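These numbers come from a predicted model, not from an experiment. Labels below follow one simple rule: chain letters A, B, ... track the order of the sequence lines, proteins then strands, and each chain is numbered from 1.
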Amino acid sequence: MRLRAEVTNSNLLLRIVQSIDKLTKSAILKLTPDKLHIIVITDMDSGLQLWSDIVVEALFEDYQIESNFNNEIYLEFNIDNLQRALRSTQGGGALGVTMKLVKKLGGLPVLSLIIRSQSATGREITLCQDVPVRLLSAEQMDAIREPLVPEGQIHIMMPPLNNVRSIAERMKGMGDRVAVSANRNGEMNVRVANDLVDITTYFRGLETMSYDTTTQETSTDGGGGTGRLSSETFTAVVDMKNFLKFLQSHHVAPKNVMCCISEHHALIIYVYIGSAGYTGAAAMHDSSCGSLTYFIPVRQI
Amino acid sequence: MAAVRGTAPEPEPALFRAKLANVRPMVNMLKTISFRPRARCVINPDGLVFTVEESQCLVAQAYLRAELFTTFSYDVQLAEYYRNQEQAGFEAEDSQDGEPSDVTQVVLPLDNLIECLTLFYGPSGTSSSGAQSGAHSTATLHTSGNPGDLRGATTAVIAFNGPGTDFELLLEERGTISLCRLSTFVPEPSVDLKFSHYPTTQQLIIKSEWLRDAFNELDPTSESVSIYIASSEPHFRISTIGESGSTDMTYSNTERILDSFFCNEDQENQYKLSLILKCKQALAMSDKTKIRINQRGFLSFQFMIPTAADVSFVNFVFAPLVSADESIADATARV
């Protein structure tokens, strides 16, 4: 088993890990010859899950990976540890960062970040940050599957995450659940209510898409909706805590976020990373970087 | 939860409807009295008055005049109709606290009202910026926390349709709309410290910056603060006695400090310090403060707060502390 790479975009890797900070204690890192996957499962039944993939070229150069399982490696790591290690890679004097999977004394595997930087006096310093990891077998990895969710009724491009986040932060004290609704007129509503106050925020002018079950293709809805069905509203009621956890993805500065509502089942939100040059629904086909996919289960009364 | 309608509904004009070009002045005024979760709101043809009360010793009021709003419409006839309906069957003596019949009174959750009005303020308390991403937010679009800064502001339409209905806010900023409904409650008999029932024996107007300095010096370990006003030096003294000693701030009647001064009777009164400190925010926002004390030792602070070309008022009235040799009966007889 061998893993070694030059981390050329440590900032993006840090921001991805910042997005998952405090979601839960540990996460899974699945590395393949083409992609890096981070999987976070907060609670098998009622919790949010995050499944992400990023092409290795977006993060690394000189990427070498070898193993007995199709050259794939599966690790479990403590999110806070990795975040702290990655923070050390930032800073003006950093010259380069190498990532290696290493077996330390005592046989414990660690993901080692070797950070070469230049001090104020011009001398080269090497800092080594070791993140203890637990290796998973192919069988264990295989048992971890993406949740099965029935196809959603509507896909809608979300308003800028920072706008949604600042409003959600203000609304969070008013209820522990939030209703997210959308219709094909390009409107998305977010609603929180308790005994004393009821707030609904309406975002308009958003792009929506339809999924054609016969052709298995998605396409952008025409402007103005499609007749009498265009104002039909689909709603998913989820835990406010999970909604706020998804909003932490603002760290990756996404230009495109697509929300899919599968009524009575889940909110599935696709956060597209680094889709340079593509905006709107077309971002779905831009695999230049990767995406974070959040599964937020609908709250069961 | 029921699914919401796709389009944002407008509140229907009925009893009361007002439009605000910018919520900031209203938010700032309400924050000065936001130390209690609920407030009484009185709507009359001249504007809105929000009142909070604490421990029956402190009453604070913020006056939002109709001129602060872009439009202000209040249906007096409808208000009288609702009042008559409410009081049908009550004896004349039971009718509400001497307020004229053209006012509408309602109790609503003040903290939630402020949270709603500041919905678009952004996580750091400033207006939400138009920047796309957390990592690359452009500083030029970010508005400052300066209360006078009205860029990127939220507009609001406020509406109330009478007893038993919700207090509604329709907020808008940059194309995003929020509809907020606040539960309302029937007002209970109000605590009125009846400051004007007794003659004012002492009055002065002081530049607020001096009073802010005084407040900063007050010893927080002291239970009470003493206010002494006299026709001879020192004209105005604020003192505390705490664990580490005593503090005295004295002010003489000079033009530089006191804008006006009137003293009919030399008096010293004590007030509960923790209650006096509740007016710090109103004091922080004001240019000048009018201090009055009446014959029974009740204290009134009237804070003059500059708002867009003129002045708005926030009023605090405090009951004096009962002195050790005065009985409770004597104290309540004072009111």
Practice task
Examine whether an atom of A:Met174 lies under 4.5 Å from a heavy atom of chain B, and if so say whether it belongs to the side chain, the backbone or both; otherwise answer neither.
Solution key: side chain
Fill in the blank from the handout: Note: A:Val238 and A:Pro297 closest approach over all heavy atoms is CG1-O, 3.6 Å
Practice task
Sort out for me which of B:Leu182, B:Leu119, B:Asn112 touches chain A most, counting heavy-atom pairs under 4.5 Å.
Solution key: B:Leu119
Fill in the blank from the handout: So, the part of A:Asn11 with a heavy atom under 4.5 Å from chain B: the answer is neither
Completion exercise
When every non-hydrogen atom of A:Ile156 is compared with those of A:Asn183, the smallest separation belongs to CD1-O, 4.2 Å
Handout entry: Side chain, backbone, both or neither of B:Thr118 within contact of chain A (heavy atoms, under 4.5 Å)
Key = both
Fill in the blank from the handout: salt bridge (Lys or Arg N to Asp or Glu O under 4.0 Å) filter on A:Asp21, not counting sequence neighbours, yields none
Completion exercise
The single option from B:Val23, B:Ile177, B:Thr155 that satisfies side-chain contact (heavy atoms from CB on, under 4.5 Å) with B:Leu171 is B:Val23
Exercise for the section: Just jot down the ring pair (Phe, Tyr, Trp, His ring centres under 6.0 Å) partners of B:Phe72, sequence neighbours excluded, or say none. Expected result: B:Phe16, B:Phe69
Problem - For chain B, the option from A:Asp195, A:Asn194, A:Ile199, A:Val190 that forms the most heavy-atom pairs under 4.5 Å - result: A:Ile199
Handout entry: Engaged part of B:Phe185 at the chain A interface, taking heavy atoms whose separation is under 4.5 Å
Key = side chain
